[in-house]
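Everything below concerns the one structure shown next.
For the numbers below, each heavy atom of this structure counts, side chains included, while hydrogens, waters and symmetry mates do not. For this chain, numbers begin at 1 and follow the sequence in order. Computed from a predicted model, the values in this text were never measured in an experiment.
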Amino acid sequence: MVAKSTPVTVSIAETTSQSGVSYLTLLQHVKERRRAELESEHPGRASNVNAVSNTTRSLSAFMEANSISEKDLVSEELVGTVEWDLSEKALGTDSTARRRKGELRARIRPWAKELIQGANTVYQNETFGERLTRLRTSSLLSRRDLALEIVNAGATPDTTKIRNWEQGAKLPHPHSRPDIERLEKLFDVYPGYLLETLPKVPVSAQSYETGLPASIQRRVSKHLPEDYMHRSLSEKDEILNWVSQNILSTPKEILEEGSSASSGVSLDLSVYALARKPSPRLIPAPTHLLNELDELVRFKTAAMVPYGKTRNEKWGPVSADKADYEFRAILGSLQQMGLPPELISLSICLSPEAIDRFIDWKRLRRGGYTKAIEIPLILLESLLHPKFGLIAQTPNFGQKLYHVPGLISEYTVDKVKECWSAACSDAKQHINQRIKNVVEASKKGRDPFEALLPVLTADSPLNEYYKIVQEIRLRMPDDSYPVRKAEALRSLMLLRIGLELGFRQKNLRELLLCSYDQKPRTWKELVRLKRGEISYENGSWKVRIPGCAFKNFYSRAVEEENVFYLEDRDHLFDEICAYIDARTLLIGSDSCVDEFFVKKATKRSKDASLSSAAYYEAYRSMITTYGILNPYTGRGAIEGLRPHGPHSIRHVLATAAVKCTGGYSDAAALLLDSEETIRGTYARFLPGQRHARAQSVLWSDLLVKRDTV
C-alpha cells in the first residue's frame, strides 16, 4: 500500500490541497459525469447503471488500495506523476485491476484534474478571511483551535484575532507572518497559500526590532530585508551600518582635522539657536531680543518705510523668517560662549571681539570656513549700513554694551558711548574685512553634486534619474492601503512635476490646485498671493505663475505672466488625476488646503500644508525609499545615489540640458535663470567632458565627409 503523501512542490497536483477537493466530492462528480456521458451516447439503455457502478467501483478500489478515506483531499497519488505510478501499482495486476486502471487513466484521472482546476478558479479570488474560514471549517476546527496553534507559550489564546481575520475587520500585521505559516502547516496546504491572499504590504508599514530608539527605528525599518530578524548579529550590524551611512546621513566632507565635525559625532547645527517659543531642546530667546527682531522685521517688510529712515530692499516673508532665524542662531552661539542673557541683543554686532569669536566657533563646528559663516556676517553688516541699516539709523538701539571678557572689550564700550555713528562705521568695516577673509579661505563643506554623481555622470542624466519613477510605480501599494498609496502617488508627483517644471522648492511647495469644479484664479489674485496654480483646461494641464513669485523675478529670465503647458508624457495626466483623487485622503476634513502638494493631516497636526522642512523631508524620504539601491533588499533604482533634497532636480535638468546641447542657454531657459548661474551653480559639465564632446562632434563630422567622398 502507498500512504497518502503531502504536497511539496507547486504544481497541478499540489493545487488539490489548495482547492480542498475531497474524494467524497470526486466520487459524486465521477458518478454524475459518467451517467451524463452514457445517457448522451446511449439514451435509456439499462446497462448504463452497471457501467456507472463499474466506474465508481474503480475509484473506490483505488482509494482502498492506497488507504484513502472519503474525507481526504485529492493529491499527488491521483493527479501527480511519480506518486501516481506507485499508487496505481497498488491495485494489483489481475484482469480486474487492469480494467480498473483503464477506467482511472481514461476517465477518473482527467476528470479529477478538471474538477481541481475548476475549484481553483472558484477560490482564486478569495480574500484572506474567506480562505481562512473555508480551511478551518473543512478541517472541522474551531477558532479556539487556531488560536491555540499560534499562541506563545504561557499566553492566553486570542480567538478575537481569528474572528477579526475571518470577518475582514483586520488584516494580519507583518509581525504575524510566522503565525500564518503555522496555520498553513496545520491545514496541510502549500507554503504561501494563505499569505498570497494578503494585499502587498508597503515597505513603509514594516517594522523590525533593532534595539534602536523608536524614533530612529521607524526610519530604519523600511530599509531592512525581510529576513533581518533571522540573520546573525554580525550581518545585522553590517546592514545597520550601511543604512546609517547611505540612508540616514547626508554627504559632508570634513575639511579640517581637529574640528568638532571631525570627531565622528553627529552635530545638530540648529540646537544652539534661541527659540521664539518654549521648547524642551532649545533655550528661549529673551523678551527684549524678540522685540528687537520684531522691529527689524517690521522695518524690512512694511509697505511704507518708517518716517526718518530709509532702506535699500524689502524683505518677503521667507527672507524675513530666514533672517530672524540667523540672528537667533548667532546670538544663541554667543550665549553658549558666555554672553549674559541681559546682553543678548542685535547691538552685539558693534563688538569686533564677539564677531571674531563667532567666526572661530562656527569654523570649528563646520570643519572649516564655509558659506554658513559668510551668510550671517552679511546680515550683521547690513544692520550697520550708514544709509540703510536699522542699527546705524537708530542711535542706542538695543541693549547697552558692558565689558564681557573675550566678547566685549572696554575699548568697544567706550567707543559706543562716545560716538554711535563712528562705532557703527568701524564695526561695519571690521565685518566687511572678515567677510573678505572668509570668502578667500572658504571651502565647500558639502559638494552639491556628490549625492547625484551616479546620475550626473551618466550619458543621459534625465533618463537615469527617471528610473526612480519606474521604481515608485513598481512598488505602488494597492487599494488595501489607501493612505500609503496616496503618499506614494505624492512621491510620484514630487518627482514628475519637479522634472516637468524645474522650479525651486518654494514655488513647487506653494503651487496651488484649481479643482475641476472651480474657475482658475485671476492673474491679479496670483500676483497678490505670489504663487503659481496648476489647472485643467481644454483637455490639458497647465501651470500659471506670476514673475513676482520667483526668487530672481528682477532678472530677465522670467516674465510678468508665465504659463507652462504640461505634456502628457508617459501617462502624466492619468497620474495627476490619480493623485488628486487620493489627495482627499491626506487632507481629511480640511477643505481649506489649496496647495497641490499636501501631507497627511493628523489629530496633532491638522494643517495639511507642507512647510519648507516638511517638503524637503518628503522629497528626501522618497529618494531614500525608492531612489537608493539597497544591496540587502534589492529595492531602489540607482546604485550609489545618496540622500538629497528637491533642489537637486535643478542640477539634474541643468546637467542633462547642457550635455544634450553643449551650451548653457537652453539650460538657462529650462530653469528660468541666467547662463552664469547655470555654469557656476547647477550644471556639472567639467572641462574634460566638454572637450570630449567637442572632439566627438568634430571627428564625427570629419568621418561623415570622408565616407561621402
Is a side-chain donor or acceptor of [X] paired with a backbone partner of [Y] at a separation under 3.5 angstrom?
| X | Y | answer |
| --- | --- | --- |
| Lys659 | Leu456 | yes |
| Arg544 | Ser535 | no |
| Ser611 | Ala614 | yes |
| Asn507 | Ala549 | yes |
| Asp666 | Ala657 | no |
| Arg490 | Val598 | yes |
| Glu184 | Leu195 | yes |
| Ser621 | Glu617 | no |
| Asn562 | Ile545 | yes |
| Arg531 | Glu525 | no |

Nearest heavy-atom pair of [X] and [Y]: which atoms, and what distance?
| X | Y | result |
| --- | --- | --- |
| Glu595 | Arg583 | O-NH2, 2.7 Å |
| Gly636 | Arg475 | N-NH1, 3.7 Å |
| Trp523 | Pro546 | CZ3-N, 3.6 Å |
| Glu533 | Cys514 | OE2-CB, 3.5 Å |
| Ser609 | Val593 | OG-CG1, 4.1 Å |
| His571 | Arg496 | C-NH1, 4.0 Å |

Between [atom1] of [X] and [atom2] of [Y], what distance do you get to the nearest 0.5 Å?
| X | Y | atom1 | atom2 | value |
| --- | --- | --- | --- | --- |
| Leu489 | Ile576 | CG | CD1 | 11.5 Å |
| Tyr615 | Leu494 | OH | CG | 5.0 Å |
| Leu670 | Ser665 | CG | OG | 11.0 Å |
| Ser491 | Phe597 | OG | CZ | 10.0 Å |
| Phe596 | Asp594 | CZ | CG | 13.5 Å |
| Cys577 | Leu572 | SG | CG | 9.5 Å |

Full working for side chain to side chain contact (heavy atoms under 4.5 Å, CB included) between Arg635 and Glu471: CA-CA 8 Å; Arg635 297 189 293 263; Glu471 181 72 11; 4.3 Å; yes

Any chance [atom1] of [X] has more than 12 other-residue heavy atoms, nucleotides or ligands included, within less than 6.0 Å?
| X | atom1 | result |
| --- | --- | --- |
| Lys599 | NZ | yes |
| Tyr565 | OH | no |
| Asp479 | CG | no |
| Asp459 | CG | no |
| Gln518 | CD | yes |
| Lys185 | NZ | no |

Side chain to side chain contact (heavy atoms under 4.5 Å, CB included) between Leu653 and Tyr465, intermediate numbers included: CA-CA 10 Å; Leu653 291 174; Tyr465 204 61; over 6 Å; no

Distance flag, aromatic centroids of Phe503 and Phe564, threshold under 6.0 Å: yes

Aromatic contact, Tyr632 with Tyr228 (centres under 6.0 Å): no

Tyr536: partners by ring-ring contact (aromatic ring centres under 6.0 Å, His included), with sequence neighbours left out: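 By the ring-ring contact (aromatic ring centres under 6.0 Å, His included) rule, Tyr536 matches Trp541.
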
Can you find a heavy atom in the side chain of [X] that is under 4.5 Å from one in the side chain of [Y]?
| X | Y | value |
| --- | --- | --- |
| Pro225 | Ile239 | yes |
| Met622 | Ile472 | yes |
| Ile649 | Leu501 | no |
| Tyr619 | His644 | yes |
| Asp673 | Arg504 | yes |
| Thr655 | Leu452 | no |
| His651 | Val455 | no |
| Val220 | Ile247 | no |

Salt-bridge criterion met for Arg569 and Glu500 (N-O under 4.0 Å):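 Yes, charged N to carboxylate O under 4.0 Å.
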
Carboxylate-amine/guanidinium contact Glu537 Lys542, below 4.0 Å: yes

Side chain to side chain contact (heavy atoms under 4.5 Å, CB included) between His223 and Thr633, worked out: CA-CA 7 Å; His223 304 291; Thr633 63; over 6 Å; no

Short side-chain donor-acceptor distance under 3.5 Å, Ser612 and Lys322: no

Candidate pair Glu560 and Val527, rule side chain to side chain contact (heavy atoms under 4.5 Å, CB included), full reasoning: CA-CA 9 Å; Glu560 292 184 6; Val527 170; over 6 Å; no

Working for salt bridge (Lys or Arg N to Asp or Glu O under 4.0 Å), residues Glu575 and Arg473: CA-CA 10 Å; Glu575 290 176 343; Arg473 291 170 175 167; 2.7 Å; yes

